[in-house]
Each structure stands twice: as structure tokens, then as C-alpha cells.
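The next block holds one structure in the form of C-alpha cells; read it before the comments.
A quick note: this is a predicted structure, and the numbers were derived from the prediction, not measured.
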Amino acid sequence: GKAHDAIHRCSYFMRQIRNLMYALPLILLFINTSTPRTINAPHFALYNLNGQLVTLRKEIKSNNIILAFFASYCVPCKREIPELQAIATTHNQSCKLLLINIDREGAQKAEQFLSNNNIHNVECLLDIYQTVISKYVPEKKVPAFFLINKNRQILIKSIGDNPGNINRLKNILSNIR
């Protein structure tokens, strides 16, 4: 009678709770992915062409950073790096360009690329072991650039040859301080 009904209702609710428990990770996953989270830029310390240690932590105190990875063998880099330099020069009140060369041969290849492409007065760092690009671009694809604000948030992530992202960069920089 009544006891049997109570047990039946109880086991029904237990089944419903168990089903909900199975669904919970999926629900949480959905909530997690549907809200865009700003990703913090990984910290790094690399030597520049003059042998000085440069850190993101120090650079970001005073500037928004355009972080651009390139290699001497990368054809689209020959177009993208000068464009990024021009943008950084235009917006030099609000941002600074940091180039990161990923050639394993180091300074010689980087300097050659910069002079061949008429790029001067830009901070160029050497990532010969490719440890920093691995944090930002696990597949190590170049060209790649990131706009990082003073709170270390990545506002733009551009991997590969995407000329449209240059325009996105210009738009964001005209509204940033």
C-alpha cells in the first residue's frame, strides 16, 4: 500500500537525481564555453638583439603590447611585420610592438630579416628554443600576432596569414588608451 508507493516515489526521485548528475558536467561545459573568457597572455622573459633581458611583466606596465612572432623563412611575415610596425608607430602613445623571432639560428637571421624588410627601431626578441611561441601558438605557425592590454588580456589573436586581422587591430587601437 502506502509504504510501497512511498518507496516507488523515492526510487523515482533518486533516478531523476542520478540522471541530473550525469548531465551536470555537460551543462557546466556548455555554460563554460558559451561565455567568452578573456585569456591572460603567458608571461615570458627573452633576450633582445642587444643581449638585454626583456619581460612581458615589465613591458606591459606602461603599454599595450602588439606581440608578433616571425621567422626569416616566412613569406607572409615580410608583409605583416612592416604593417604592424606602421600601426605601432601611428599608435605609439597607446602601444608598443615587440617582435619575437623564432629562427633556431638566432640573432643573425633576425637581423637579416629586419634589414631586408626595412624594419628599424623595433624591439626584437630571440626565441631560438621556441618556448615562448609554444605558449602562444602551440602549432608554432607564423606569422602570428597578439594584442595584449595593460591587464595582460589578449584582445586579438591572429595566427597565420589573416590580412583582415590587421584592420581589426587598427579599429581596436583607435579606441584604446
Side-chain angles (χ1 to χ4, degrees), residues 38-177:
T38 50
I39 297 168
N40 276 358
H43 280 296
F44 63 82
L46 288 173
Y47 288 99
N48 67 14
L49 292 173
N50 303 325
Q52 297 158 311
L53 194 63
V54 176
T55 65
L56 179 65
R57 188 174 270 118
K58 186 166 163 264
E59 293 296 328
I60 216 155
K61 279 190 178 134
S62 48
N63 288 297
N64 300 291
I65 301 291
I66 301 170
L67 193 64
F69 294 92
F70 76 98
S72 61
Y73 54 81
C74 163
V75 176
C77 294
K78 294 179 167 106
R79 189 195 65 245
E80 185 169 281
I81 300 298
E83 284 182 339
L84 292 174
Q85 185 185 20
I87 293 169
T89 304
T90 305
H91 296 279
N92 65 359
Q93 299 301 310
S94 60
C95 78
K96 178 178 178 178
L97 176 61
L98 281 184
L99 299 181
I100 298 185
N101 176 263
I102 65 163
D103 284 296
R104 294 189 187 279
E105 297 85 351
Q108 186 191 346
K109 287 276 191 188
E111 286 164 351
Q112 202 178 330
F113 176 94
L114 297 177
S115 71
N116 288 351
N117 293 285
N118 205 17
I119 299 159
H120 307 286
N121 308 319
V122 177
E123 186 96 80
C124 180
L125 314 179
L126 301 173
D127 189 15
I128 58 172
Y129 300 112
Q130 301 185 348
T131 51
V132 177
I133 193 170
S134 299
K135 292 180 188 178
Y136 283 83
V137 187
E139 65 272 33
K140 299 179 186 172
K141 189 175 182 182
V142 286
F145 76 83
F146 297 80
L147 176 61
I148 305 166
N149 70 11
K150 292 173 189 170
N151 299 325
R152 224 179 93 221
Q153 296 167 318
I154 295 175
L155 303 184
I156 293 183
K157 172 184 181 176
S158 176
I159 295 169
D161 189 11
N162 299 306
N165 286 336
I166 294 283
N167 291 327
R168 279 182 57 215
L169 179 65
K170 288 177 185 170
N171 292 339
I172 290 181
L173 284 175
S174 32
N175 299 313
I176 208 172
R177 290 287 159 263

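At distances below 3.5 Å, not a single donor-acceptor pair connects side-chain atoms of Glu80 with backbone N or O atoms of Ile166. For Asp161 (side chain) and Pro76 (main-chain N/O), no donor-acceptor pair under 3.5 Å exists by modelled atom type. Of the possible polar contacts, one joining the Asn48 side chain to the Gly51 backbone as a donor-acceptor pair under 3.5 Å is found. Judged by distance alone, the side chain of Asp127 and the main-chain N or O of Thr131 form a donor-acceptor pair under 3.5 Å. Here the side chain of Asn151 pairs no donor or acceptor atom with the backbone of Gln153 at under 3.5 angstrom. At distances below 3.5 Å, at least one donor-acceptor pair connects side-chain atoms of Asn101 with backbone N or O atoms of Asp103. The main-chain N or O of Pro163 is never found under 3.5 Å from a side-chain atom of Asn167 such that the two would form a donor-acceptor pair.
Rounding to the nearest 0.5 angstrom, the gap separating the CG atom in Asn149 from the CD1 atom in Ile176 is 6.0 Å. In this structure, the separation between CZ on Phe69 and CG on Leu98 is 9.5 Å, given to the nearest 0.5 Å. Put simply, NZ on Lys170 and CG on Asn175 are 14.5 Å apart, with the number rounded to the nearest 0.5 Å. Annotation: the span from Asn63 atom CG to Gln93 atom CD amounts to 9.5 Å, rounded to 0.5 Å.
No side-chain heavy atom of Asn64 sits under 4.5 Å from any side-chain heavy atom of Leu155. Side-chain contact between Lys78 and Phe113: present, with at least one pair of heavy atoms (C-beta onward) separated by less than 4.5 Å. Counting only heavy atoms from C-beta outward, the side chains of Gln130 and Arg104 approach each other to under 4.5 Å. Between Leu46 and Leu126, every side-chain heavy-atom pair lies at or beyond the 4.5 Å cut-off. Counting only heavy atoms from C-beta outward, the side chains of His43 and Thr55 never approach each other to under 4.5 Å. When side chains are defined from C-beta on, Leu114 counts as touching Phe70, because their heavy atoms get closer than 4.5 Å. Side-chain contact between Ile102 and Val142 is present, with at least one heavy-atom pair separated by less than 4.5 Å.
Minimum interatomic distance between Cys95 and Ala88 (heavy atoms only, all atoms of both residues): SG-CA, 4.1 Å. Closest approach of Pro42 and Leu56 over heavy atoms only: O-CD2, 3.5 Å. Closest approach of Pro82 and Cys77 over heavy atoms only: CD-O, 3.8 Å. Summarising the geometry of His120 relative to Asn118, their closest heavy-atom pair is NE2-OD1, 2.9 Å, with the distance given to 0.1 Å. Nearest heavy-atom pair across Lys150 and Ile60 is CG-O, 3.8 Å. Shown here for Leu97 and Ala68, the closest heavy-atom pair between the two residues is CD1-CB, 4.2 Å.
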Note to self: Pair Leu99, Leu84 - check side chain to side chain contact (heavy atoms under 4.5 Å, CB included), show working.
What the structure shows: CA-CA 10 Å; Leu99 299 181; Leu84 292 174; 5.6 Å; no
Note to self: Test side chain to side chain contact (heavy atoms under 4.5 Å, CB included) on Leu125 and Val132; report intermediate values, then the result.
What the structure shows: CA-CA 10 Å; Leu125 314 179; Val132 177; over 6 Å; no
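Side-chain atoms of Arg168 and Asn165 form a donor-acceptor pair, as typed in the model, at a separation below 3.5 Å.
Under the side-chain contact (heavy atoms from CB on, under 4.5 Å) rule, Leu147 has a single partner from Ile65, Leu67, Ile156, which is Ile156.
Residue Glu139 qualifies as enclosed at atom CD: its count of foreign heavy atoms under 6.0 Å is above 12. Within a 6.0 Å radius of NZ in Lys141, no more than 12 heavy atoms belonging to other residues, nucleotides or ligands are found. Within 6.0 Å of CG in Asn121 there are 12 or fewer heavy atoms belonging to other residues, nucleotides or ligands.
Ring pair Tyr136/Phe44 is perpendicular by interplanar angle, where above 60° counts as perpendicular and below 30° as parallel.
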